[in-house]
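I have placed the structure first, in the form of structure tokens, so that the comments after it can refer back to it.
These numbers come from the heavy atoms of this one structure, side chains and all, not from hydrogens, waters or symmetry mates.
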Amino acid sequence: MMIGATGRGKTHLAVGMMYWILERSGYKLLKTVMKNGKPVETFFSWKIIFIDWRELIERKKQSFNDDQMAKQINKTMAEIKNADVVILDDFGSERGTEYSLDLADAFWRDRENKTVIVTTNLIGSDLTARYGDRTLSRMKNHGVNNGITFANIPDHRGLVE
């Protein structure tokens, strides 16, 4: 989990981590699969997805009235479940609604015990207040002892005069 104010480089670092993973692994992921009843190690291409949290919520809402969008969103949601790594960008940037809370809960249930790189402007107590103990408990697999706080870093986008 990367926590800090806007413009501190969290997303940049998250994408950099993704490229580091790909380069270090030779762009291949070694998995054990069963063939003829025996475990066999096989190389696969990584499945890494970048999700802009606020955009996902907006598109999910749009899909209620658009069958084509609904198909795309359903495919995206299935890919989120099965991805090797998900970069979840700007988690907590949406307006707090029951719908967004339900979507957050579903996301973290689907990604429990799976790799998620999270960027957020919210600190722990803000995350609890926004999403509740249930969702935060699932998130802890990703954040406890794995967090980076972006403090004392100026906004890289600069000052507006």
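The 12-atom threshold is not exceeded at OH of Tyr19, counting heavy atoms of other residues, nucleotides or ligands nearer than 6.0 Å. Counted within 6.0 Å of NZ on Lys47, heavy atoms from surrounding residues, nucleotides or ligands total 12 or fewer; the atom is thus considered open. Atom CG of Asp67 sits in a sparse spot, with 12 or fewer heavy atoms from other residues, nucleotides or ligands closer than 6.0 Å.
Side chains of Ser93 and Trp53: no donor on one and acceptor on the other come within 3.5 Å.
Atoms OG1 and CH2, from Thr135 and Trp108 in turn, are 9.5 Å apart once rounded to the nearest 0.5 Å. The CE atom of Met1 sits 6.0 Å away from the OG1 atom of Thr120 when rounded to the nearest 0.5 Å. Remark: Arg95 CZ to Ser100 OG distance equals 11.0 Å, nearest 0.5 Å. Of the inter-residue distances, the one linking Asp89 atom CG with Asp52 atom CG reads 5.5 Å to the nearest 0.5 angstrom. From Met17, atom CE reaches atom OG1 of Thr115 across 9.5 Å, with rounding to the nearest 0.5 Å. Atoms OG1 and CD1, on Thr119 and Ile3 in that order, are 10.5 Å from each other to the nearest 0.5 Å.
Considering every non-hydrogen atom in both Gly92 and Leu122, the closest pair reads CA-CD1, 3.7 Å. In plain terms, the two heavy atoms of Met77 and Leu103 that are nearest each other are CE-CD1, 3.8 Å. Of all heavy-atom pairs between Ser45 and Asp84, the closest is O-OD2, 4.1 Å. Nearest heavy-atom pair across Ala14 and Ile87 is O-CD1, 3.7 Å. Residues Met69 and Gln62 share a closest heavy-atom pair of CE-OE1, 3.3 Å. The heavy-atom pair separating Tyr99 from Lys60 by the smallest distance is OH-CG, 2.5 Å.
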Problem set entry | Full working for side-chain contact (heavy atoms from CB on, under 4.5 Å) between Asn121 and Phe91 | CA-CA 8 Å; Asn121 297 343; Phe91 187 66; over 6 Å; no
Problem set entry | Verdict with reasoning, Tyr131 to Phe107, per ring-ring contact (aromatic ring centres under 6.0 Å, His included) | CA-CA 12 Å; Tyr131 298 106; Phe107 174 89; over 10 Å; no
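In this structure, the side chains of Val33 and Phe44 come closer than 4.5 Å at one or more pairs of heavy atoms. Side-chain contact between Thr42 and Lys35: present, with at least one pair of heavy atoms (C-beta onward) separated by less than 4.5 Å. Between Ile117 and Leu88, the closest side-chain pair of non-hydrogen atoms is not below 4.5 Å. Side-chain contact between Arg54 and Asp90 is absent, with no heavy atoms from C-beta onward closer than 4.5 Å. Taking the side chain as every heavy atom from C-beta outward, Arg138 and Arg109 approach each other to under 4.5 Å. Side-chain contact check for Leu13 versus Met2: some heavy-atom pair is nearer than 4.5 Å. At a threshold of 4.5 Å between non-hydrogen side-chain atoms, the residues Lys61 and Glu58 count as touching. The closest side-chain heavy-atom distance from Met139 to Leu127 is below 4.5 Å.
Ile21 and Leu30 fall into different hydrophobic clusters, where Ile, Leu, Val, Met, Phe, Trp and Tyr side chains are chained together by heavy-atom contacts under 4.5 Å.
Residue pairs that meet the salt bridge (charged side-chain N to carboxylate O under 4.0 Å, His left out) test with at least one member in residues 121-137, sequence neighbours left out, are Glu94-Arg130, Asp105-Arg134.
Looking at Lys10, its side chain does come within 3.5 Å of a backbone N or O of Gly4 through a donor-acceptor pair.
A centroid separation of 6.0 Å or more is found between the aromatic rings of Tyr27 and Phe43.
A salt bridge links Glu55 to Arg59: one of the charged nitrogens lies within less than 4.0 Å of a carboxylate oxygen.
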